[in-house]
Amino acid sequence: MKTRAAVVYEHNEPVVVEELELEEPKSNEVLIRTGASGVCHSDLSVVTGAIYYNDAVALGHEGAGTIERVGDGVTDFCPGDRVILSFVTYCGTCRMCLMDKVCLCESYDVPRGFQLDGTYRLYNKSGKPIYQMARIATMSEYMVVPEQNLVKIAPHYPLEKAALVGCGVTTGVGAVLNTARVEPGSTVAVIGAGGVGLNVIQGAVLARAERIIAVDIAAKKLDLAKRFGATDVVNAGASDPIEAVREVTAGLGVDYAFEVIGNPKTIVQAYRMVRAAGTAVIVGMAHHEAEVSLPAQHLVSTERQLIGSFYGSCRPRVDMPKLLSLYEEGKLKLDELITRHYRLEQINEAFADMEAGENARGVIVFD
Ligand code: PAD
Ligand code: ZN
Ligand code: ZN
(Lines give C-alpha, C1' and ligand atoms only; values in the text may rest on other atoms or scores of the structure.)
(Ligands and ions follow the chains in the order given, each with its own letter.)
Protein backbone atom coordinates (compact mmCIF):
# COMPACT_ATOMS: atom_id res chain seq x y z
CA MET A 1 0.00 0.00 0.00
CA LYS A 2 1.00 3.68 -0.25
CA THR A 3 1.78 6.13 2.54
CA ARG A 4 3.01 9.73 2.62
CA ALA A 5 5.94 10.21 4.97
CA ALA A 6 8.61 12.73 6.00
CA VAL A 7 12.02 11.38 4.94
CA VAL A 8 15.57 12.53 5.74
CA TYR A 9 17.93 11.77 2.85
CA GLU A 10 20.77 14.23 3.63
CA HIS A 11 21.71 15.77 6.95
CA ASN A 12 20.85 19.47 7.26
CA GLU A 13 18.81 19.47 4.04
CA PRO A 14 15.05 20.04 3.92
CA VAL A 15 13.04 16.98 4.87
CA VAL A 16 11.30 15.40 1.84
CA VAL A 17 7.58 14.63 2.11
CA GLU A 18 6.80 11.91 -0.43
CA GLU A 19 4.74 8.84 -1.20
CA LEU A 20 6.36 5.57 -0.16
CA GLU A 21 5.43 1.93 -0.62
CA LEU A 22 4.55 0.31 2.72
CA GLU A 23 4.63 -3.48 3.06
CA GLU A 24 1.93 -5.40 4.92
CA PRO A 25 2.55 -6.33 8.58
CA LYS A 26 4.45 -9.59 9.09
CA SER A 27 4.24 -11.85 12.16
CA ASN A 28 3.75 -9.92 15.40
CA GLU A 29 3.49 -6.63 13.52
CA VAL A 30 0.62 -4.20 13.23
CA LEU A 31 -0.51 -1.68 10.61
CA ILE A 32 -1.51 1.67 12.14
CA ARG A 33 -3.31 4.66 10.63
CA THR A 34 -1.56 7.60 12.25
CA GLY A 35 -3.75 10.20 13.97
CA ALA A 36 -1.11 12.68 15.11
CA SER A 37 2.63 13.03 15.57
CA GLY A 38 4.34 15.49 17.88
CA VAL A 39 7.45 17.27 16.60
CA CYS A 40 10.23 16.57 19.12
CA HIS A 41 13.76 17.96 19.12
CA SER A 42 15.02 14.39 18.66
CA ASP A 43 13.40 14.43 15.19
CA LEU A 44 15.36 17.58 14.36
CA SER A 45 18.48 15.85 15.72
CA VAL A 46 17.99 13.10 13.13
CA VAL A 47 17.89 15.82 10.44
CA THR A 48 21.14 17.35 11.72
CA GLY A 49 22.82 13.96 12.29
CA ALA A 50 23.20 14.55 16.05
CA ILE A 51 21.13 11.37 16.38
CA TYR A 52 22.70 9.29 13.66
CA TYR A 53 21.17 6.98 11.06
CA ASN A 54 23.57 5.87 8.33
CA ASP A 55 20.99 6.09 5.53
CA ALA A 56 17.59 7.54 4.57
CA VAL A 57 15.09 7.47 7.43
CA ALA A 58 11.38 8.24 7.82
CA LEU A 59 10.97 10.56 10.82
CA GLY A 60 8.76 10.64 13.88
CA HIS A 61 8.71 8.86 17.23
CA GLU A 62 5.94 10.66 19.19
CA GLY A 63 2.60 9.48 17.89
CA ALA A 64 -0.77 7.85 18.33
CA GLY A 65 -3.15 6.19 15.91
CA THR A 66 -5.72 3.51 15.19
CA ILE A 67 -5.04 -0.10 14.27
CA GLU A 68 -6.03 -1.02 10.70
CA ARG A 69 -4.75 -4.60 10.41
CA VAL A 70 -2.72 -7.05 12.46
CA GLY A 71 -0.16 -9.63 11.31
CA ASP A 72 -0.03 -13.32 12.25
CA GLY A 73 0.36 -14.08 15.92
CA VAL A 74 -0.96 -10.74 17.20
CA THR A 75 -3.47 -11.50 19.93
CA ASP A 76 -3.50 -8.42 22.17
CA PHE A 77 -4.65 -5.90 19.54
CA CYS A 78 -7.57 -5.69 17.10
CA PRO A 79 -8.48 -3.39 14.21
CA GLY A 80 -10.07 -0.25 15.64
CA ASP A 81 -7.97 -0.18 18.83
CA ARG A 82 -6.42 3.18 19.62
CA VAL A 83 -2.77 3.10 20.55
CA ILE A 84 0.19 5.24 21.54
CA LEU A 85 3.44 4.32 19.81
CA SER A 86 6.27 3.66 22.22
CA PHE A 87 9.73 4.21 20.78
CA VAL A 88 11.31 1.28 22.59
CA THR A 89 10.91 -2.40 21.80
CA TYR A 90 11.20 -4.71 24.78
CA CYS A 91 11.02 -8.45 25.23
CA GLY A 92 9.73 -8.58 28.82
CA THR A 93 12.01 -11.46 29.79
CA CYS A 94 15.65 -10.24 29.70
CA ARG A 95 17.55 -9.06 32.78
CA MET A 96 16.82 -5.35 32.16
CA CYS A 97 13.14 -5.99 31.49
CA LEU A 98 12.86 -8.06 34.68
CA MET A 99 14.56 -5.24 36.58
CA ASP A 100 11.75 -2.93 35.33
CA LYS A 101 14.22 -1.13 33.03
CA VAL A 102 12.33 -2.04 29.89
CA CYS A 103 13.69 0.97 27.96
CA LEU A 104 17.13 -0.66 28.26
CA CYS A 105 15.98 -4.11 27.02
CA GLU A 106 19.01 -6.19 26.03
CA SER A 107 17.36 -8.62 23.64
CA TYR A 108 17.57 -6.87 20.28
CA ASP A 109 20.76 -6.15 18.42
CA VAL A 110 18.84 -5.26 15.23
CA PRO A 111 19.54 -1.53 14.58
CA ARG A 112 16.50 0.60 15.41
CA GLY A 113 15.75 1.66 11.82
CA PHE A 114 14.77 -1.90 10.89
CA GLN A 115 11.91 -4.12 11.96
CA LEU A 116 12.86 -6.88 14.40
CA ASP A 117 13.56 -9.42 11.63
CA GLY A 118 16.21 -7.06 10.23
CA THR A 119 14.20 -6.05 7.14
CA TYR A 120 12.53 -2.83 5.93
CA ARG A 121 8.83 -2.07 5.46
CA LEU A 122 9.22 1.24 3.59
CA TYR A 123 10.55 1.79 0.03
CA ASN A 124 10.64 4.95 -2.08
CA LYS A 125 9.56 5.25 -5.73
CA SER A 126 12.98 4.09 -6.97
CA GLY A 127 12.81 1.02 -4.73
CA LYS A 128 15.33 2.36 -2.20
CA PRO A 129 14.63 0.98 1.29
CA ILE A 130 13.92 3.59 4.00
CA TYR A 131 14.55 3.13 7.73
CA GLN A 132 11.82 3.88 10.27
CA MET A 133 13.01 6.16 13.09
CA ALA A 134 12.93 4.12 16.31
CA ARG A 135 11.26 1.30 14.27
CA ILE A 136 8.03 3.35 14.13
CA ALA A 137 8.18 6.58 11.97
CA THR A 138 5.11 8.41 13.22
CA MET A 139 5.42 11.18 10.61
CA SER A 140 3.80 8.87 8.08
CA GLU A 141 0.10 8.40 7.29
CA TYR A 142 0.46 4.66 7.94
CA MET A 143 3.08 2.65 9.83
CA VAL A 144 3.93 -1.02 10.25
CA VAL A 145 5.45 -1.56 13.70
CA PRO A 146 6.23 -4.38 16.17
CA GLU A 147 3.28 -5.03 18.49
CA GLN A 148 5.68 -4.59 21.42
CA ASN A 149 5.85 -0.88 20.57
CA LEU A 150 2.12 -0.36 21.14
CA VAL A 151 0.25 0.85 24.19
CA LYS A 152 -3.53 0.44 24.04
CA ILE A 153 -5.51 3.43 25.31
CA ALA A 154 -9.17 4.09 26.04
CA PRO A 155 -11.02 5.15 22.86
CA HIS A 156 -12.16 8.55 24.15
CA TYR A 157 -8.72 10.18 24.33
CA PRO A 158 -8.04 12.57 21.44
CA LEU A 159 -5.13 11.18 19.41
CA GLU A 160 -3.29 14.51 19.23
CA LYS A 161 -3.11 14.62 23.06
CA ALA A 162 -2.23 10.93 23.34
CA ALA A 163 0.56 11.42 20.77
CA LEU A 164 2.42 13.75 23.14
CA VAL A 165 2.48 11.00 25.76
CA GLY A 166 4.45 8.90 23.23
CA CYS A 167 7.60 10.91 23.99
CA GLY A 168 7.70 14.38 25.56
CA VAL A 169 5.27 13.87 28.44
CA THR A 170 6.50 10.41 29.43
CA THR A 171 10.15 11.47 29.10
CA GLY A 172 9.76 14.66 31.13
CA VAL A 173 7.43 13.46 33.89
CA GLY A 174 9.22 10.09 34.05
CA ALA A 175 12.63 11.75 34.51
CA VAL A 176 11.30 13.27 37.74
CA LEU A 177 9.11 10.46 39.07
CA ASN A 178 10.88 7.32 37.80
CA THR A 179 14.53 8.19 37.20
CA ALA A 180 15.30 10.79 39.89
CA ARG A 181 12.41 9.99 42.25
CA VAL A 182 12.31 13.59 43.46
CA GLU A 183 11.06 13.81 47.07
CA PRO A 184 8.39 16.28 48.28
CA GLY A 185 9.96 19.56 49.44
CA SER A 186 12.95 19.29 47.06
CA THR A 187 14.42 22.17 45.11
CA VAL A 188 14.59 21.57 41.36
CA ALA A 189 16.13 23.43 38.41
CA VAL A 190 15.09 22.67 34.83
CA ILE A 191 17.43 23.91 32.09
CA GLY A 192 15.49 24.09 28.81
CA ALA A 193 11.72 24.66 29.04
CA GLY A 194 10.77 23.21 25.65
CA GLY A 195 8.37 20.38 24.85
CA VAL A 196 10.18 17.96 27.16
CA GLY A 197 11.37 20.48 29.80
CA LEU A 198 7.83 21.75 30.42
CA ASN A 199 6.95 18.16 31.28
CA VAL A 200 9.88 17.93 33.68
CA ILE A 201 8.38 21.03 35.32
CA GLN A 202 4.94 19.45 35.61
CA GLY A 203 6.57 16.25 36.87
CA ALA A 204 8.23 18.31 39.61
CA VAL A 205 4.80 19.76 40.50
CA LEU A 206 3.40 16.21 40.76
CA ALA A 207 6.38 15.28 42.99
CA ARG A 208 5.51 18.30 45.20
CA ALA A 209 8.88 19.98 44.79
CA GLU A 210 9.09 23.16 46.86
CA ARG A 211 10.96 25.34 44.36
CA ILE A 212 11.02 24.76 40.61
CA ILE A 213 13.45 27.05 38.82
CA ALA A 214 13.08 27.14 35.03
CA VAL A 215 16.07 28.26 32.96
CA ASP A 216 15.74 29.14 29.27
CA ILE A 217 16.97 31.75 26.81
CA ALA A 218 13.54 32.45 25.31
CA ALA A 219 11.18 34.75 27.24
CA LYS A 220 8.18 32.94 25.72
CA LYS A 221 9.40 29.64 27.20
CA LEU A 222 9.81 31.20 30.62
CA ASP A 223 6.19 32.42 30.50
CA LEU A 224 5.08 28.91 29.57
CA ALA A 225 7.26 27.50 32.37
CA LYS A 226 5.31 29.59 34.91
CA ARG A 227 2.02 28.28 33.51
CA PHE A 228 3.32 24.73 33.96
CA GLY A 229 4.27 25.34 37.60
CA ALA A 230 7.73 26.95 37.76
CA THR A 231 8.05 29.03 40.93
CA ASP A 232 11.06 30.99 39.61
CA VAL A 233 12.44 31.70 36.14
CA VAL A 234 15.93 32.58 34.96
CA ASN A 235 16.73 34.00 31.54
CA ALA A 236 20.13 32.43 30.80
CA GLY A 237 20.66 35.01 28.05
CA ALA A 238 20.55 37.83 30.59
CA SER A 239 22.22 36.37 33.69
CA ASP A 240 24.52 33.54 34.74
CA PRO A 241 22.13 30.65 35.44
CA ILE A 242 24.41 28.98 38.01
CA GLU A 243 24.63 32.19 40.06
CA ALA A 244 20.90 32.82 39.66
CA VAL A 245 20.05 29.32 40.94
CA ARG A 246 22.43 29.76 43.89
CA GLU A 247 20.68 33.04 44.75
CA VAL A 248 17.26 31.40 44.84
CA THR A 249 18.58 28.56 47.06
CA ALA A 250 20.44 30.63 49.68
CA GLY A 251 23.80 29.84 48.10
CA LEU A 252 23.37 26.05 48.33
CA GLY A 253 22.34 24.95 44.87
CA VAL A 254 19.36 22.73 44.09
CA ASP A 255 18.67 19.14 45.12
CA TYR A 256 18.01 18.19 41.48
CA ALA A 257 18.96 19.87 38.21
CA PHE A 258 17.52 18.54 34.94
CA GLU A 259 19.27 19.31 31.66
CA VAL A 260 16.68 19.14 28.87
CA ILE A 261 18.55 20.59 25.88
CA GLY A 262 21.35 18.19 24.91
CA ASN A 263 24.22 20.69 25.03
CA PRO A 264 27.53 19.83 26.76
CA LYS A 265 27.71 23.40 28.13
CA THR A 266 24.32 23.20 29.83
CA ILE A 267 25.07 19.64 31.03
CA VAL A 268 28.03 21.09 32.96
CA GLN A 269 25.75 23.90 34.19
CA ALA A 270 23.34 21.29 35.56
CA TYR A 271 26.19 19.60 37.41
CA ARG A 272 27.34 22.92 38.87
CA MET A 273 23.84 23.96 39.94
CA VAL A 274 23.29 21.10 42.36
CA ARG A 275 24.20 21.21 46.01
CA ALA A 276 26.54 18.70 47.66
CA ALA A 277 24.96 15.22 47.41
CA GLY A 278 22.53 16.60 44.84
CA THR A 279 21.71 14.97 41.51
CA ALA A 280 22.11 16.28 37.97
CA VAL A 281 19.78 14.41 35.61
CA ILE A 282 20.63 14.55 31.90
CA VAL A 283 17.58 14.22 29.66
CA GLY A 284 18.76 16.16 26.58
CA MET A 285 20.31 14.05 23.82
CA ALA A 286 23.62 15.67 22.90
CA HIS A 287 25.34 15.05 19.53
CA HIS A 288 26.33 11.37 19.42
CA GLU A 289 30.04 12.29 19.41
CA ALA A 290 29.88 15.05 22.06
CA GLU A 291 31.67 14.65 25.37
CA VAL A 292 31.49 16.57 28.65
CA SER A 293 34.29 17.43 31.00
CA LEU A 294 33.68 17.69 34.76
CA PRO A 295 35.91 18.51 37.76
CA ALA A 296 36.86 14.95 38.77
CA GLN A 297 37.89 15.50 42.40
CA HIS A 298 34.94 17.80 43.05
CA LEU A 299 32.57 15.03 41.93
CA VAL A 300 33.95 12.85 44.72
CA SER A 301 34.38 15.41 47.47
CA THR A 302 30.82 16.76 47.06
CA GLU A 303 29.20 13.35 46.45
CA ARG A 304 27.23 14.79 43.56
CA GLN A 305 25.43 12.37 41.29
CA LEU A 306 25.23 12.63 37.54
CA ILE A 307 22.64 10.36 35.91
CA GLY A 308 21.06 9.92 32.50
CA SER A 309 17.35 9.48 31.93
CA PHE A 310 16.20 7.65 28.81
CA TYR A 311 12.47 7.81 27.98
CA GLY A 312 11.80 8.81 31.59
CA SER A 313 12.81 5.26 32.68
CA CYS A 314 9.23 4.41 31.75
CA ARG A 315 7.32 1.18 31.47
CA PRO A 316 5.17 2.24 28.51
CA ARG A 317 2.12 0.05 29.16
CA VAL A 318 2.08 0.99 32.84
CA ASP A 319 3.00 4.66 32.76
CA MET A 320 1.29 5.96 29.62
CA PRO A 321 -2.29 5.02 30.59
CA LYS A 322 -1.59 6.50 34.06
CA LEU A 323 -0.47 9.79 32.50
CA LEU A 324 -3.67 9.94 30.45
CA SER A 325 -5.69 9.36 33.65
CA LEU A 326 -3.85 12.23 35.33
CA TYR A 327 -4.79 14.39 32.32
CA GLU A 328 -8.43 13.38 32.69
CA GLU A 329 -8.32 14.26 36.40
CA GLY A 330 -6.93 17.71 35.56
CA LYS A 331 -3.56 16.98 37.17
CA LEU A 332 -1.51 16.95 33.98
CA LYS A 333 -1.55 19.61 31.27
CA LEU A 334 -1.67 18.31 27.72
CA ASP A 335 -3.90 20.86 25.94
CA GLU A 336 -1.54 23.69 26.90
CA LEU A 337 1.43 21.85 25.37
CA ILE A 338 0.07 22.13 21.84
CA THR A 339 0.93 25.54 20.43
CA ARG A 340 0.34 24.83 16.75
CA HIS A 341 -0.97 22.17 14.37
CA TYR A 342 0.77 21.40 11.09
CA ARG A 343 0.05 19.28 8.03
CA LEU A 344 2.74 16.74 7.15
CA GLU A 345 3.79 18.92 4.19
CA GLN A 346 4.68 21.69 6.67
CA ILE A 347 7.30 19.65 8.52
CA ASN A 348 10.18 21.96 7.55
CA GLU A 349 8.18 24.95 8.83
CA ALA A 350 7.55 23.05 12.06
CA PHE A 351 11.31 22.52 12.52
CA ALA A 352 12.01 26.20 11.77
CA ASP A 353 9.44 27.18 14.42
CA MET A 354 11.10 24.78 16.87
CA GLU A 355 14.51 26.33 16.26
CA ALA A 356 13.03 29.82 16.67
CA GLY A 357 11.56 28.77 20.04
CA GLU A 358 7.98 29.43 18.88
CA ASN A 359 6.23 26.33 20.20
CA ALA A 360 5.76 24.36 23.39
CA ARG A 361 4.99 21.48 21.01
CA GLY A 362 4.02 21.51 17.36
CA VAL A 363 1.79 18.62 16.33
CA ILE A 364 1.29 17.13 12.86
CA VAL A 365 -2.29 16.01 12.36
CA PHE A 366 -3.48 13.53 9.75
CA ASP A 367 -7.02 13.15 8.32
P1 PAD B 1 12.83 22.01 22.39
O2 PAD B 1 13.55 22.55 21.23
O3 PAD B 1 11.34 22.03 22.42
O4 PAD B 1 13.34 22.69 23.75
C5 PAD B 1 14.66 23.04 24.01
C6 PAD B 1 14.63 24.30 24.86
O7 PAD B 1 15.96 24.63 25.26
C8 PAD B 1 14.07 25.53 24.16
O9 PAD B 1 13.03 26.10 24.92
C10 PAD B 1 15.28 26.46 24.01
O11 PAD B 1 14.94 27.83 24.08
C12 PAD B 1 16.11 26.05 25.23
N13 PAD B 1 17.54 26.35 25.13
C14 PAD B 1 18.37 26.18 24.06
N15 PAD B 1 19.63 26.55 24.38
C16 PAD B 1 19.60 26.96 25.69
C17 PAD B 1 20.60 27.44 26.60
N18 PAD B 1 21.87 27.57 26.24
N19 PAD B 1 20.22 27.73 27.87
C20 PAD B 1 18.91 27.59 28.26
N21 PAD B 1 17.94 27.15 27.43
C22 PAD B 1 18.28 26.83 26.17
O23 PAD B 1 13.35 20.49 22.55
P24 PAD B 1 12.62 19.25 23.26
O25 PAD B 1 12.06 19.70 24.56
O26 PAD B 1 11.76 18.55 22.27
O27 PAD B 1 13.87 18.29 23.51
C28 PAD B 1 14.88 18.66 24.45
C29 PAD B 1 15.98 17.63 24.47
O30 PAD B 1 15.50 16.40 25.01
C31 PAD B 1 16.55 17.27 23.10
O32 PAD B 1 17.95 17.07 23.21
C33 PAD B 1 15.88 15.95 22.79
O34 PAD B 1 16.61 15.18 21.84
C35 PAD B 1 15.89 15.34 24.17
C36 PAD B 1 14.98 14.18 24.36
N37 PAD B 1 15.44 13.16 25.15
C38 PAD B 1 14.67 12.07 25.38
C39 PAD B 1 15.19 11.02 26.28
O40 PAD B 1 14.73 9.88 26.26
N41 PAD B 1 16.16 11.36 27.12
C42 PAD B 1 13.40 11.96 24.83
C43 PAD B 1 12.94 13.02 24.06
C44 PAD B 1 13.72 14.13 23.81
ZN1 ZN C 1 11.13 12.72 21.48
ZN1 ZN D 1 14.10 -7.29 27.41
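Order of appearance sets the numbers: ligands from 1, and atoms from 1 within every ligand.
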Tell me: protein heavy atom nearest [atom], and distance?
atom                    : answer
atom 36 (C) of ligand 1 : Ser42 OG, 3.7 Å
atom 4 (O) of ligand 1  : Gly194 CA, 3.2 Å
atom 23 (O) of ligand 1 : His41 CB, 3.1 Å
atom 37 (N) of ligand 1 : Val283 O, 3.1 Å
atom 31 (C) of ligand 1 : Ile261 O, 3.5 Å

According to a 4.5 Å side-chain heavy-atom criterion applied to Ile, Leu, Val, Met, Phe, Trp and Tyr, with indirect links allowed, do Ile267 and Val281 form part of one hydrophobic cluster? no
Cluster check Leu324, Met320: I/L/V/M/F/W/Y, side chain < 4.5 angstrom: yes
[X]-ligand 1 polar pair, N/O distance under 3.5 Å:
X      : answer
Gly192 : no
Thr266 : no
Gly312 : no

Tyr271-His298 aromatic ring centre distance below 6.0 Å: yes
Salt-bridge contact Glu349-Arg340 (side-chain N to carboxylate O under 4.0 Å): yes
Is Glu345 salt-bridged to Arg4, going by a charged N under 4.0 Å from an acidic O? yes
Within-2.8 Å protein N/O/S contacts of the Zn ion (ligand 2):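 Correct list: Cys40 SG, His61 NE2, Cys167 SG.
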Close-contact set for ligand 1 against [X] heavy atoms, below 4.0 Å:
X      : value
Tyr311 : 39 (C), 40 (O)
Thr171 : 38 (C), 39 (C), 40 (O), 42 (C)
Gly195 : 3 (O), 25 (O)
Cys167 : 42 (C), 43 (C)
Val260 : 28 (C), 29 (C)
Gly284 : 29 (C), 30 (O), 32 (O), 35 (C)

Report the part of [X] (side chain from C-beta onward, or backbone N, CA, C, O) that has a heavy atom under 4.0 Å from ligand 1; answer both or neither where that applies.
X      : value
Lys265 : neither
Ala175 : neither
Val196 : both

So is Gly357 touching ligand 1 or not, going by heavy atoms under 4.0 Å? no
Would you find a donor on one side and an acceptor on the other, under 3.5 Å apart, between the side chain of Lys226 and the backbone of Lys221? no
My understanding is that we take every heavy atom of each candidate and find the minimum distance to atom 11 (O) of ligand 1. Doing that for Val39, Asp216, Val234, which one comes out nearest? Asp216
Of the choices Arg361, His287, Lys221, Met354, which has the non-hydrogen atom that lies closest to atom 26 (O) of ligand 1?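 Going through Arg361, His287, Lys221, Met354 one by one, Arg361 has the nearest heavy atom to atom 26 (O) of ligand 1.
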Looking from the Zn ion (ligand 3), what is the angle between SG on Cys97 and SG on Cys94, to the nearest 10°? 110°
Testing the basics here: between Val46 and His11, what is the closest heavy-atom pair and its distance to 0.1 Å? O-CD2, 3.6 Å
Any non-hydrogen side-chain atom of Val169 less than 4.5 Å from a side-chain atom of Tyr327?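 Counting from C-beta outward, Val169 and Tyr327 never come under 4.5 Å.
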